[in-house]
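Proteins come first, then strands; the chains are lettered A, B, ... in the order of their sequence lines, and each starts at number 1.
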2 protein chains.
Amino acid sequence: MALTREQVVDAAVGVLADFGLADLSMRRLARELDVQVGALYWHVKNKQELLVDVAARLLGGVGRLPEAEATPRDAVASLATAIRTALAPVPDSAEVVQLAQTMQPAALEPLTWLRELLEEAGVAPQHSAWARHLLLNHILGSVAAQQDRSSLEAVGEAGGPDLGEDAFAWGVGTILDGLGI
Amino acid sequence: MALTREQVVDAAVGVLADFGLADLSMRRLARELDVQVGALYWHVKNKQELLVDVAARLLGGVGRLPEAEATPRDAVASLATAIRTALAPVPDSAEVVQLAQTMQPAALEPLTWLRELLEEAGVAPQHSAWARHLLLNHILGSVAAQQDRSSLEAVGEAGGPDLGEDAFAWGVGTILDGLGI
DNA sequence: ACCTGAACACCGTTCAAGT
DNA sequence: ACCTGAACACCGTTCAAGT
């Protein structure tokens with residue numbers, strides 16, 4: 001039975017989740033799938049395009065409205081937290097999402113919802129794109145910092161102050177305060 | 001006359017500034033310096049350590065207090081802007097600084113001043129490390145987004161909304177508002 | 001349509017041996 | 001002290017040729 005693009009993305013997500021981006025090579029993927037490297041290029045144009053699919057898959061489980069929120073501000077905070085929760089357990093997920101977002105912004109739906117919710121919460125349309133970026137940089141930075149910290153700990157080095165859930169929630173609150181919503 | 005570590009860092013900064021991180025390889029550097037690859041490893045432990053030096057050099061021109069600022073808040077905003085201005089013209093500088101900051105936070109002095117100025121401006125010590133991260137993620141995200149935009153334009157693709165100086169200043173203001181300083 | 005085999009043009013790092 | 005030469009173990013991508 002022929003290999004599918006789905007299977008290639010599956011394998012890529014698996015390697016990323018288990019070993020990180022440094023180990024996610026086309027050749028490693030080919031080995032994992034018992035196929036020659038060249039075969040992958042029939043299913044994906046190149047590695048970057050594959051990573052866009054990987055990022056989309058990582059965010060695939062993030063729903064638009066997990067539950068009816070009390071306030072529009074809570075809806076924004078809740079989506080930001082859902083995105084962070086989806087990325088947190090996957091090493092280097094922030095880098096992958098950043099790359100995907102640069103190459104194909106429309107492919108990452110939950111990130112576009114962020115802007116819509118911000119506008120619904122009262123952010124002016126001229127500022128909502130900037131506000132989305134502000135929030136997204138905080139989410140991705142928070143995920144990356146936490147992962148760097150745990151990998152340094154694994155090597156026995158100190159990792160600076162804790163940048164876990166508390167810092168994340170505080171940062172989201174600070175940004176939303178600054179936006180006046 | 002023998003090669004020096006300074007010259008290796010110089011060459012690395014040059015290649016980064018002119019061609020970007022993708023072209024900054026140890027072998028490319030060796031070619032540029034008319035030397036064999038192995039020679040570089042007498043002067044630097046590995047590529048990552050070299051990139052920490054590159055990042056420190058990029059931020060080396062950022063002074064602690066460019067001028068007496070009217071308010072502590074202005075001092076923070078002014079340092080943030082100076083950091084951004086130093087990084088903006090160098091492709092992939094945000095990635096390099098992020099890497100360096102993860103590996104050797106103390107090596108990047110201007111980034112540590114950020115926290116001090118935030119405390120002087122009234123941010124509580126328990127929050128100043130988080131606040132510094134918030135601001136730094138905005139600076140680096142803003143630099144990266146602007147550079148991605150211009151490289152997409154060079155390839156003839158649309159790059160989304162403008163994320164230049166206006167967006168940067170607005171973001172800094174929003175964060176400082178959120179901090180209540 | 002889908003894959004193999006093989007090549008092209010690269011990487012970072014190490015290290016005996018030379019000067 | 002400082003560098004060369006050469007190797008080791010990798011990369012992403014392409015493409016004729018096979019089935």
Side-chain angles (χ1 to χ4, degrees), chain A residues 1-55 91-92 95-96 98-100 102-104 148 151-152 155 157, chain B residues 1-55 91-92 95-96 98-100 102-104 148 151-152 155 157:
Chain A
M1 198 183 82
L3 189 65
T4 67
R5 183 177 175 122
E6 291 289 297
Q7 289 175 61
V8 176
V9 177
D10 282 347
V13 171
V15 172
L16 185 68
D18 295 343
F19 304 96
L21 195 55
D23 281 18
L24 179 43
S25 70
M26 298 301 277
R27 300 180 111 100
R28 167 74 180 263
L29 239 41
R31 232 178 296 136
E32 214 96 359
L33 293 162
D34 268 308
V35 98
Q36 299 295 315
V37 218
L40 301 178
Y41 287 84
W42 200 92
H43 297 279
V44 301
K45 188 166 165 284
N46 51 39
K47 190 180 177 179
Q48 297 213 346
E49 194 196 80
L50 172 58
L51 290 178
V52 171
D53 274 31
V54 169
D92 306 316
E95 278 105 307
V96 176
Q98 183 109 5
L99 191 260
T102 299
M103 298 216 351
Q104 288 188 43
D148 291 340
S151 38
L152 282 181
V155 183
E157 291 187 50
Chain B
M1 198 182 83
L3 189 66
T4 67
R5 184 178 175 122
E6 291 289 297
Q7 290 176 60
V8 177
V9 177
D10 282 346
V13 170
V15 172
L16 184 68
D18 295 343
F19 305 96
L21 195 55
D23 281 19
L24 179 43
S25 71
M26 297 302 278
R27 301 179 111 100
R28 167 74 181 262
L29 238 42
R31 232 178 296 136
E32 214 96 0
L33 293 162
D34 268 308
V35 99
Q36 299 296 316
V37 217
L40 301 178
Y41 287 85
W42 201 92
H43 297 278
V44 300
K45 187 165 165 284
N46 52 39
K47 189 180 177 179
Q48 297 213 348
E49 194 196 80
L50 172 58
L51 290 178
V52 172
D53 275 31
V54 168
D92 306 316
E95 278 105 308
V96 175
Q98 183 109 7
L99 191 260
T102 299
M103 298 216 350
Q104 287 189 44
D148 291 340
S151 38
L152 282 181
V155 184
E157 292 186 49

Can you measure [X] atom [atom1] to [N] atom [atom2] for me and round it to whole angstrom units?
X: Asn46(B); N: dT14(C); atom1: CG; atom2: C1'; value: 12 Å
X: Leu21(B); N: dC11(C); atom1: CG; atom2: P; value: 13 Å
X: Glu49(B); N: dT13(C); atom1: CD; atom2: P; value: 10 Å
X: Met26(B); N: dC3(D); atom1: CE; atom2: P; value: 13 Å
X: Leu3(B); N: dC3(D); atom1: CG; atom2: C1'; value: 10 Å
X: Leu33(A); N: dC2(C); atom1: CG; atom2: P; value: 15 Å
X: Asp23(B); N: dG12(C); atom1: CG; atom2: P; value: 11 Å
X: Leu29(A); N: dC11(D); atom1: CG; atom2: C1'; value: 14 Å

For a quick test of reading the model, state the closest non-hydrogen atom pair linking [X] to [Y] and the distance between them.
X: Asp23(B); Y: Arg28(B); result: O-CG, 3.3 Å
X: Gln36(A); Y: Ala30(A); result: C-CB, 3.9 Å
X: Ala55(A); Y: Ala100(A); result: CB-CB, 3.5 Å
X: Ala12(B); Y: Val54(B); result: CB-CG2, 3.7 Å

Is the distance from OP1 or OP2 of dC3(D) to the nearest side-chain N or O of His43(B) less than 4.0 Å?
yes

OP1, OP2 of dT14(D) versus side-chain N and O of Tyr41(A): anything below 4.0 Å?
no

Taking the same atom, C1', in dC10(C) and in dC8(D), what whole-Å distance lies between them?
15 Å

Determine the interatomic distance between P on dA9(C) and the same-named atom on dA9(D); round to the nearest Å.
23 Å

Here the gap from Thr102(B) atom OG1 to Asp148(A) atom CG, rounded to the nearest 0.5 Å, amounts to 4.0 Å

Rounded distance (nearest 0.5 Å) linking atom CE of Met1(A) with atom CD of Gln7(A)
5.0 Å

Each stem that DNA chain D is part of, given as range with range (3 or more consecutive Watson-Crick or G-U pairs, under 3.5 Å):
C:4-8 with D:12-16, C:12-16 with D:4-8

On DNA chain D, more 5' by nearest nucleotide between Leu24(A) and Ala2(B) is Ala2(B)

Just list the side-chain donor-acceptor pairs under 3.5 Å for residues 38-50 of chain A, sequence neighbours left out, or say none.
residue  : atom : partner  : partner atom : Å
His43(A) : NE2  : Leu3(A)  : O            : 3.4
Asn46(A) : OD1  : Gln48(A) : N            : 3.3
Asn46(A) : OD1  : Glu49(A) : N            : 2.9
Lys47(A) : NZ   : Leu24(A) : O            : 3.0
Glu49(A) : OE1  : Arg5(A)  : NH1          : 3.1
Glu49(A) : OE1  : Arg5(A)  : NH2          : 3.1
Glu49(A) : OE1  : Lys45(A) : N            : 3.1

Tell me whether Asp92(B) contacts the main-chain N or O of Leu21(B) through its side chain, where contact means a donor paired with an acceptor under 3.5 Å.
yes

Measure all distances between protein nitrogen or oxygen atoms and nitrogen or oxygen atoms of nucleotides 4-10 of chain C, and list the pairs falling under 3.5 Å.
residue : atom : partner  : partner atom : Å
dT4(C)  : OP2  : Gln36(A) : N            : 2.8

